[in-house]
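To start, the structure under review is shown below, and the notes come after it.
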Amino acid sequence: MPQNQPHFYRGRFAVAPMLDWTTRHCRYFHRQFSRHALLYTEMVTAQAIIHAKYDHLDFDAAEHPVALQLGGSDPAQLKHCAQLAEQRGYQEINLNVGCPSDRVQNGMFGACLMAKPNLVAECVQQMQSAVQIPVTVKTRIGIDDFDSYDFLYNFVQTVKQVGCREFIVHARKAWLSGLSPKQNREIPPLDYERVYQLKRDFPDLLISINGGIKTIEEIQQHLQHVDGVMVGREVYQNPSLLGHIDQALFDPNAPIITPRQAVARMLPYIESQLSQGVYLNHIVRHMLGAFQNCKGARQWRRYLSENAYKEGAGIEVVETALGFVEE
């Protein structure tokens with residue numbers, strides 16, 4: 001463990017923000033597995049928060065600890081959204097400097113902002129001036145041909161100078177053209193050592209690592225070099241991993257939560273949401289991977305997929321699907 005890491009660092013383990021995946025229903029489900037994992041919203045643009053009729057900041061208090069990831073590059077807009085988020089009870093504001101999609105680039109936010117460290121610093125500074133909660137940055141190790149360690153070092157140094165203390169680093173560079181977002185999560189090679197070097201060069205910062213991490217053993221190994229670990233797709237596709245997090249990383253006396261226990265804990269929430277007009281499929285689509293590697297997992301997924309979208313589908317669909325599974 002890095003020498004300067006507090007005993008209980010809020011971001012020691014986090015579930016990554018994932019567009020269309022880490023919705024409020026997904027986060028509520030993940031919280032049933034772990035009390036301590038830090039959960040992130042999917043990225044929400046500042047303009048969406050300011051102009052859309054839909055309440056993009058809605059979440060359940062049971063999701064805590066939960067952080068909001070913002071997309072944008074207008075310092076005034078981001079400052080306003082940070083204020084709103086703090087008022088709503090979020091515990092962290094994270095600026096997206098890592099997403100490589102064309103839509104994000106056209107809006108001048110995401111990974112393309114790595115080429116504008118002074119603008120990122122101004123955005124962070126404005127948000128920090130408006131809130132008491134941490135303002136953090138999630139970034140890549142580089143973009144396009146700007147992928148030297150010096151480029152990453154200078155980016156972090158510039159943003160650090162305005163007071164940012166926490167960086168989450170996806171250990172791949174991003175290609176801003178030629179690769180899809182999915183390819184950008186898989187094709188550029190991982191370079192964990194570069195993130196470790198960043199921690200060595202900035203021992204006063206809290207550095208978390210992200211990208212390609214799949215097991216408790218890998219998480220524990222990374223924590224020998226950095227302050228925190230963020231996992232995305234593996235947790236979403238195999239959420240039972242979360243059931244081991246509290247015991248492995250936070251409290252050796254914490255129970256391991258099984259998928260069946262987590263699903264059982266979801267039933268009152270599902271009933272409550274259904275009574276408010278939420279469609280069953282909007283909730284259970286995030287639960288399809290719950291029983292990964294368990295006998296009956298395929299039948300669980302199939303039954304939910306074939307029945308949860310039907311008009312009037314209720315809690316009995318989940319209860320029936322549970323009958324197919326053996327842990």
Side-chain angles (χ1 to χ4, degrees), residues 1 5-18 21-40 59-67 91 208-270 283-301 303-304 315 318-327:
M1 182 186 299
Q5 179 174 284
H7 175 65
F8 189 89
Y9 166 45
R10 175 181 47 80
R12 180 170 169 79
F13 179 84
V15 178
M18 292 174 282
W21 283 8
T22 49
T23 68
R24 61 192 181 98
H25 303 309
C26 174
R27 298 190 303 269
Y28 196 98
F29 179 50
H30 286 170
R31 181 58 67 215
Q32 307 317 306
F33 286 97
S34 168
R35 290 180 53 213
H36 298 304
L38 178 61
L39 305 180
Y40 282 76
F59 73 99
D60 191 295
E63 296 172 31
H64 278 308
V66 62
Q91 296 178 323
S208 293
I209 196 166
N210 171 230
I213 302 165
K214 296 185 176 182
T215 67
I216 295 291
E217 292 72 26
E218 291 172 7
I219 293 167
Q220 291 170 326
Q221 177 61 34
H222 286 301
L223 287 172
Q224 301 302 310
H225 303 279
V226 293
D227 302 293
V229 172
M230 175 179 277
V231 179
R233 284 170 293 162
E234 185 64 24
V235 163
Y236 189 85
Q237 294 163 357
N238 181 22
S240 63
L241 175 71
L242 273 176
H244 298 262
I245 288 296
D246 287 0
Q247 185 181 104
L249 303 184
F250 294 97
D251 177 3
N253 297 314
I256 292 174
I257 305 301
T258 68
R260 186 174 292 275
Q261 289 172 321
V263 171
R265 293 175 177 183
M266 283 294 290
L267 297 181
Y269 174 81
I270 293 172
I283 304 172
V284 301
R285 71 183 180 93
H286 304 295
M287 301 166 59
L288 296 179
F291 295 97
Q292 190 88 325
N293 302 319
C294 295
K295 187 175 180 180
R298 181 178 298 178
Q299 291 92 326
W300 158 266
R301 292 193 300 270
Y303 191 84
L304 289 181
I315 197 74
V318 181
E319 294 172 331
T320 301
L322 270 176
F324 294 117
V325 180
E326 296 179 26
E327 289 188 81

Are any non-hydrogen side-chain atoms of V263 and F291 less than 4.5 angstrom apart?
yes
Hey, could you give me the CD1/NZ distance between I219 and K214, rounded to the nearest 0.5 Å?
13.0 Å
Is R260 reaching over with its side chain to a backbone N or O of V325, donor-acceptor style, under 3.5 angstrom?
yes
Shortest non-hydrogen contact from A254 to D246?
CB-CB, 3.8 Å
Note: P239 and A290 closest approach over all heavy atoms is CG-CA, 3.7 Å
Who pairs with T258 by side-chain hydrogen bond (donor to acceptor under 3.5 Å, both in side chains), at least two apart in sequence or on another chain?
Q261
Proximity of H286 and Y236 rings by center, below 6.0 Å:
yes
I245 versus I216: any side-chain heavy-atom pair under 4.5 Å?
yes
Considering all heavy atoms of both residues, which atom of Y40 and which atom of A16 are nearest to each other, and what is their separation?
CB-C, 4.3 Å
For the residue pair F33 and I257, what are the closest heavy atoms and their distance?
O-CG1, 3.5 Å
Under a 4.5 Å cut-off applied to non-hydrogen side-chain atoms, are F324 and R298 in contact?
no
Just verifying a value: how many Å separate C26 SG and R285 CZ, rounded to the nearest 0.5 Å?
8.5 Å
Between W300 (side chain) and M287 (backbone), is there a donor-acceptor pair under 3.5 Å?
yes
Indicate yes or no: at least one non-hydrogen side-chain atom of F250 is less than 4.5 angstrom from one of F13.
yes
Rounded to the nearest 0.5 Å, what's the gap from OG1 on T215 to CD on E234? Could you check?
8.5 Å
Any heavy-atom pair between the side chains of H36 and L249 that's under 4.5 Å?
no
On a heavy-atom basis, which atom in S240 and which in P259 lie closest, and how many Å separate them?
CB-CG, 3.7 Å
Straight-line distance of I213 CD1 to L241 CG, nearest 0.5 Å:
10.5 Å
With sequence neighbours excluded, what pairs up with H30 under the ring pair (Phe, Tyr, Trp, His ring centres under 6.0 Å) test?
none
From T22, L242, L39, residue fulfilling side chain to side chain contact (heavy atoms under 4.5 Å, CB included) relative to V235
L242
So which of R27, R24, R31, R35 actually passes salt bridge (Lys or Arg N to Asp or Glu O under 4.0 Å) with E63?
R27
Distance col, row Y28:OH vs I270:CD1, nearest 0.5 angstrom, shows 10.0 Å
Of the non-hydrogen atoms in G212 and E218, which two are nearest, and what is the gap between them?
O-OE1, 3.9 Å
Please enumerate all residues that pass side chain to side chain contact (heavy atoms under 4.5 Å, CB included) together with L288, with sequence neighbours excluded.
R301, L304, S305
